[in-house]
2 protein chains.
Amino acid sequence: MRIEEIIKSENVDISKKVILNVMYSNSKLNETFYVALKPFDMSTEQFNVLRILRGQKGNALNMSDIQERMIAKTSNTTRLVDKLLKKELVTRRVCKDNRRKMDVSITDKGLELLKILDPLVKAHEEHFTNKLNEEELDTLNKLLEKFRS
Amino acid sequence: MRIEEIIKSENVDISKKVILNVMYSNSKLNETFYVALKPFDMSTEQFNVLRILRGQKGNALNMSDIQERMIAKTSNTTRLVDKLLKKELVTRRVCKDNRRKMDVSITDKGLELLKILDPLVKAHEEHFTNKLNEEELDTLNKLLEKFRS
DNA sequence: GAAAACTAAATGATATGTTAATTTTTTATA
DNA sequence: TATAAAAAATTAACATATCATTTAGTTTTC
């Protein structure tokens, strides 16, 4: 669906169109992931934290490390990690070197859940990216990075 | 900043990179608008509703019409309109033809506020779009629309 | 070595996003 | 026409986003 159809106006300059297109594309992505994860009682944010922790391959991360790696910086990592703790998908301990910090790690249960979710999420991602060929994906990446530069 | 630097991992396939790039770009856009509107006690969502109403040039819109035109569909248009009502930026009346519906219109005060906000928002938009030339903007639009198709 | 400054995380308050349930009104249908 | 079904908006309940404040621990500085 073209942006013009969504906002029901044809008089949009190209700059505004790009802005709206980025926001609308993100909205569609979120919607898709939301629906995919919902049956597993997972929010996209919780899923994101789990993935970040897995990326550490066993090493723990502090709260601020996690926050730094989030795409949309959620200042309430504490509360997200609380939810994951209750589901026993992560552990949280006071850091030995610095008692202000927390060491957060993914559990085996968390890793297993990700194993189930991975193909689902991948399928949803590809629903979008399959529409473009390699060259187009590359161009899109470059343009978005330039857009943000 | 490249996506790889944000998530601190170089092993990302191009598909995933595009997904993350869209999400991260949106996040940056939101951040920017949020900061611009905050001094006016306006959220991006409230601003969006105001703009949609202005687009009607005097005609009222129903709740469901507004919702339909929002980029991210917020089912709580009622609450957003409540906030705008309190600030006297919109009016809300029961629709004559169908008493289940509401007629929502922007007030003069609302229009005046938009007049102040317009150049601010435009400047923030251009902070991003000025990085790209016309051709690149056009390509970006086309790729994003294809991505969502 | 004590006070001040800083850092990391948690907590509280308010706004929004999402879904489900409810209320009111209109339309369909038996 | 009475009842059922549908439509539009509101309300309630819960999760998340954002900001400010608080708490606890660490580092700096005098």
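When reading the values below, keep in mind they use all heavy atoms of this one structure, side chains included, and skip hydrogens, waters and symmetry mates. Lettering of chains follows the sequences in order, A, B, ..., and the numbering in each one begins at 1.
Atom pair Asp41(B):CG and dT16(C):C1' shows a separation of 14 Å (rounding to whole Å applied). Across the protein-nucleic acid pair, Leu37(B) atom CG and dT18(D) atom C1' stand 14 Å apart, rounded to whole Å. Met102(B) has its CE atom 12 Å from the C1' atom of dT25(C), to the nearest Å. Taking atom CG of residue Asp82(B) and atom C1' of nucleotide dT11(D), one finds them 11 Å apart after rounding to whole Å. One atom, CD of Glu68(B), and another, P of dA7(D), lie 14 Å apart when rounded to the nearest Å.
Considering only the side chain of Leu80(A), dT16(D) comes nearest among dA9(D), dT16(D), dA10(C). Relative to the side chain of Arg79(B), the nucleotides dA9(D), dT26(C), dA13(D) differ in distance, and dA13(D) lies closest. Of the candidates dT16(C), dA9(C), dG25(D), dG25(D) carries the atom nearest the Asn98(A) side chain, counting heavy atoms from C-beta on. Here dA9(C) is the nucleotide among dT18(C), dA9(C), dT16(D) with the atom lying nearest to any side-chain atom of Thr78(A). Across dT16(C), dC19(D), dT16(D), the shortest atom-to-atom separation from the side chain of Lys38(B) is found for dC19(D).
Taking only distance into account, the side chain of Asn76(B) meets the base of dT18(C) through a donor-acceptor pair shorter than 3.5 Å. The base of dA9(C) has none of its N or O atoms less than 3.5 Å from a complementary donor or acceptor on the side chain of Arg100(A).
Counting heavy-atom neighbours within 6.0 Å of Glu10(B) CD, excluding the residue itself, gives a total above 12.
Among Arg100(A), Lys101(A), Arg99(A), the single residue meeting the side-chain contact (heavy atoms from CB on, under 4.5 Å) criterion with Val94(A) is Arg99(A).
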**Asked** Lys17(B) and Glu4(B): salt bridge (charged side-chain N to carboxylate O under 4.0 Å, His left out), yes or no, with the steps?
**Response** CA-CA 8 Å; Lys17(B) 260 176 69 172; Glu4(B) 286 92 334; 3.0 Å; yes
**Item:** Stepwise salt bridge (charged side-chain N to carboxylate O under 4.0 Å, His left out) check, Asp118(A) with Arg54(A)
**Value:** CA-CA 12 Å; Asp118(A) 278 337; Arg54(A) 174 173 61 180; 2.7 Å; yes
**Prompt:** Would Glu145(A) and Lys142(A) satisfy salt bridge (charged side-chain N to carboxylate O under 4.0 Å, His left out), going step by step from the backbone distance to the final call?
**Reply:** CA-CA 5 Å; Glu145(A) 271 166 21; Lys142(A) 285 190 175 122; over 6 Å; no
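Less than 4.0 Å separates DNA chain D from at least one heavy atom of each of the following residues of residues 25-36 of chain B: Tyr34(B).
A donor atom on one side chain and an acceptor atom on the other are not found under 3.5 Å apart for Asn48(A) and Arg69(A).
Each of Gln46(A) and Asp97(A) lies near DNA chain D, and the nucleotide nearest Gln46(A) is the one positioned closer to the 5' end. When the nearest nucleotides of DNA chain C are assigned to Lys101(A) and Glu45(B) by heavy-atom distance, the more 5′-ward of the two goes with Lys101(A).
Checking the phosphate oxygens (OP1, OP2) of dT7(C), no side-chain nitrogen or oxygen of Ser64(A) falls inside 4.0 Å. Phosphate contact (OP1/OP2 of dA9(C), side-chain N/O of Thr77(A), threshold under 4.0 Å): absent. For Lys83(B), a side-chain nitrogen or oxygen approaches OP1 or OP2 of dT16(C) to under 4.0 Å. Contact check, Arg99(A) against dA8(C): no side-chain N or O comes under 4.0 Å of OP1 or OP2.
Glu31(B) pairs by the salt bridge (charged side-chain N to carboxylate O under 4.0 Å, His left out) definition with Lys73(A), Lys28(B), not counting sequence neighbours.
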